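Worksheet for the structure shown next.
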Amino acid sequence: MSKGNVSRAAQNDIYSRLDAAIQSTVKLHAERNDVEGRFPRENLQALAAGGWTGVLNEPRFGGLGLGHGDFAEAAYRIGQHDASTGLVYVLHVGAAQTINLFGNDDQKERWLKAKGSTPLGTYSTSERASGGHWRYNFSEAARDGEDYVVNAEKSFTTSSGQADFYVVQTRSPGVKDQTDISFFIVDGKAPGIKAGMWEALGVRGNHSGPIRYNGVKVPSRDRLGGEGQGKEIKYDDVSPVYLISLGAVWEGVARGALNAAVAHTSSFVHKDKNKTCRTSGHPPGARGCKGACRDPTPVAQRTRRQAGCAVARRQAAERNSASSDGIQGSCCRSCQ
């Protein structure tokens, strides 16, 4: 087998694992999770078993080493069956990609691979005080020797209260510019994290609720990049991954809705389909019939035809009023 064929076979096998996880787990739990507001943890575990939660990670850190096109395709396929799982998935992959691009090997080993397990991550960026804009923050990290303390309230964070780690964006210590920000990896089990309630109309399983960090201590080894490097991280990683992935999920949701509509309308047959019109004996599609056999002639064309018949009837009536009923009968039936 050629190297190209081996590559294609491997790719097909990877996608077959994705589709198997979606069909056996994601699709199975979608309705219950949405109705009950259950976090789709078993769905993420099924995707992780196929390697897809590490789609962009290097293989040496437990990933598939694929590109953004494959990531978008996965998000699209998941979104067709469960929007909540799709959103949790893409925010996790985005957080992991931040560590991929700006983290060191120690951070990748601890947060991406974690002794063979697959920790669930997410972004935690927007604040109510800034109107939800992720470009700047009013919260500010404080120094604790070489380490940091984070006090912040984020307006919404997908997987709030459920994630194993949060990629948190906050203003760098001691700066006055709200756009001078830094990123930190915050352990989801750290003391001082309090997740708010998540209530929504739809996508009730993704838990995109508010979250508060009250005096949460972050060791210096879990700062991502350098202090003040947040703007570069946002533009080179957060923004493109976020836009690509969300677009893919919602396109998947639209495709899923279309597929459901087509399946519904194809699952039954109208009681009058392909039947002869009972009132006139006309075949299906004949003029003058209702329901399944109504006239397919465009409305504008029928209107012009009816107007012409009305003129003809009036002229004939003027010539011979006694025969108007006959003319009306032969003319009207042809233009109903």
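The model shown is predicted, which means the values in this text are computed figures rather than measured ones.
- No donor-acceptor distance shorter than 3.5 angstrom exists from the side chain of Q162 to the backbone of S159, with no hydrogens or angles considered.
- Heavy-atom minimum distance, A95 versus G121: CB-C, 4.0 Å.
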* Go through the steps to decide whether T98 and V241 satisfy the test side-chain contact (heavy atoms from CB on, under 4.5 Å), and finish with yes or no. => CA-CA 9 Å; T98 308; V241 170; over 6 Å; no
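- A continuous path of ILVMFWY side-chain contacts below 4.5 Å connects L91 to V55, so both sit in one hydrophobic cluster.
- No continuous path of ILVMFWY side-chain contacts below 4.5 Å connects I185 to F61, so the two sit in separate hydrophobic clusters.
- One distance of note links CG of L66 with CG of L56; it measures 7.5 Å at 0.5 Å rounding.
- With rounding to the nearest 0.5 angstrom, the CG atom of D82 is 13.0 Å from the CZ atom of R32.
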* Going through the distances and angles, do K217 and D147 end up as a side-chain contact (heavy atoms from CB on, under 4.5 Å)? -> CA-CA 7 Å; K217 294 186 178 181; D147 299 328; over 6 Å; no
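- H29 places a side-chain heavy atom less than 4.5 Å from the side chain of N43.
- The shortest side-chain heavy-atom distance between L246 and L87 falls under the 4.5 Å cut-off.
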* Asked: Is there a salt bridge (Lys or Arg N to Asp or Glu O under 4.0 Å) between R77 and D19 once you walk through the steps?
  -> CA-CA 8 Å; R77 295 190 188 193; D19 292 334; 2.9 Å; yes
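- Two residues are said to be in side-chain contact when any heavy atoms from C-beta on lie closer than 4.5 Å; R255 and L258 meet this criterion.
- Taking the ring centroids of F183 and F102, they lie at or beyond the 6.0 Å cut-off.
- Listed for the R38 side chain is no donor-acceptor partner under 3.5 Å among the backbone atoms of P40.
- Counting all heavy atoms, side chain and backbone alike, S160 lies closest to P210 at OG-O, 3.2 Å.
- Within 6.0 Å of the CD atom in Q23, the count of heavy atoms belonging to other residues, nucleotides or ligands exceeds 12.
- Applying the side-chain contact (heavy atoms from CB on, under 4.5 Å) test between V90 and each of Y123, F71, Y242 identifies F71 as the sole match.
- A donor-acceptor pair is defined here as one N or O able to donate and one able to accept, closer than 3.5 Å; such a pair exists between the side chain of Y166 and the backbone of G161.
- Residue pairs meeting the side chain to side chain donor-acceptor pair (under 3.5 Å) criterion with at least one member in residues 195-204, sequence neighbours excluded, are W198-N206.
- In terms of hydrophobic clustering, with Ile, Leu, Val, Met, Phe, Trp and Tyr side chains grouped at heavy-atom distances under 4.5 Å, I22 and Y15 are assigned to a common cluster.
- Under a hydrophobic-cluster definition in which Ile, Leu, Val, Met, Phe, Trp and Tyr are linked whenever side-chain heavy atoms come within less than 4.5 Å, directly or via other members, L101 and F165 are assigned to the same cluster.
- The shortest side-chain heavy-atom distance between I78 and L47 falls under the 4.5 Å cut-off.
- In this structure, the separation between CD on Q107 and CG on L224 is 5.0 Å, given to the nearest 0.5 Å.
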* What do the steps show when you test D105 against R60 for salt bridge (Lys or Arg N to Asp or Glu O under 4.0 Å), and what is the final call? -> CA-CA 10 Å; D105 283 359; R60 68 190 179 109; 3.6 Å; yes
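- Between S124 and I211 there is a side-chain heavy-atom pair separated by less than 4.5 Å.
- In this structure a side-chain-to-backbone donor-acceptor pair under 3.5 Å is present from S182 to G228.
- Nearest heavy atoms, H207 versus F39: NE2-N, 3.8 Å.
- Transitive grouping of hydrophobic side chains (ILVMFWY, heavy atoms separated by less than 4.5 Å) brings V150 and I193 into a common cluster.
- Contact of the K154 side chain with the V168 side chain is registered, since non-hydrogen atoms from C-beta on lie closer than 4.5 Å.
- Counting heavy atoms from C-beta outward, I99 and K108 have side chains that approach closer than 4.5 Å.
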* To do: Report the C-alpha distance between D164 and K189 in whole Å, list the side-chain angles of each, state the deciding distance to 0.1 Å, and finish with yes or no for side-chain contact (heavy atoms from CB on, under 4.5 Å).
  => CA-CA 7 Å; D164 296 306; K189 298 181 178 64; 3.9 Å; yes
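- Using a distance-only test at 3.5 Å, with no hydrogens or angles considered, a donor-acceptor pair links the side chain of T122 to the main chain of T158.
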* **Full working for side-chain hydrogen bond (donor to acceptor under 3.5 Å, both in side chains) between Y213 and S139** => CA-CA 10 Å; Y213 303 91; S139 65; over 6 Å; no
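- Closest of all the heavy-atom pairs between V175 and R171 is CG2-CG, 3.2 Å.
- Rounding to the nearest 0.5 Å places CZ of R221 at 13.0 Å from CD of E146.
- Nearest approach of T25 to A46, heavy atoms of both residues: OG1-CB, 3.7 Å.
- Checked by atom type and distance alone, the side chain of E58 never pairs as donor or acceptor with a backbone atom of G63 at under 3.5 Å.
- Of all heavy-atom pairs spanning A20 and S24, the tightest one is O-OG, 2.7 Å.
- Counting heavy atoms from C-beta on, the side chains of W52 and L44 never come closer than 4.5 Å.
- Annotation: the span from N137 atom CG to D177 atom CG amounts to 11.0 Å, rounded to 0.5 Å.
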* Go through the steps to decide whether Q229 and R223 satisfy the test side-chain contact (heavy atoms from CB on, under 4.5 Å), and finish with yes or no. => CA-CA 10 Å; Q229 198 178 356; R223 186 192 66 221; over 6 Å; no
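- Ion pair E227/R143 flagged as a salt bridge, since at least one NZ, NE, NH1 or NH2 atom sits closer than 4.0 Å to an Asp/Glu carboxylate oxygen.
- To the nearest 0.5 Å, atom CG of residue N214 and atom CD of residue E153 are 8.5 Å apart.
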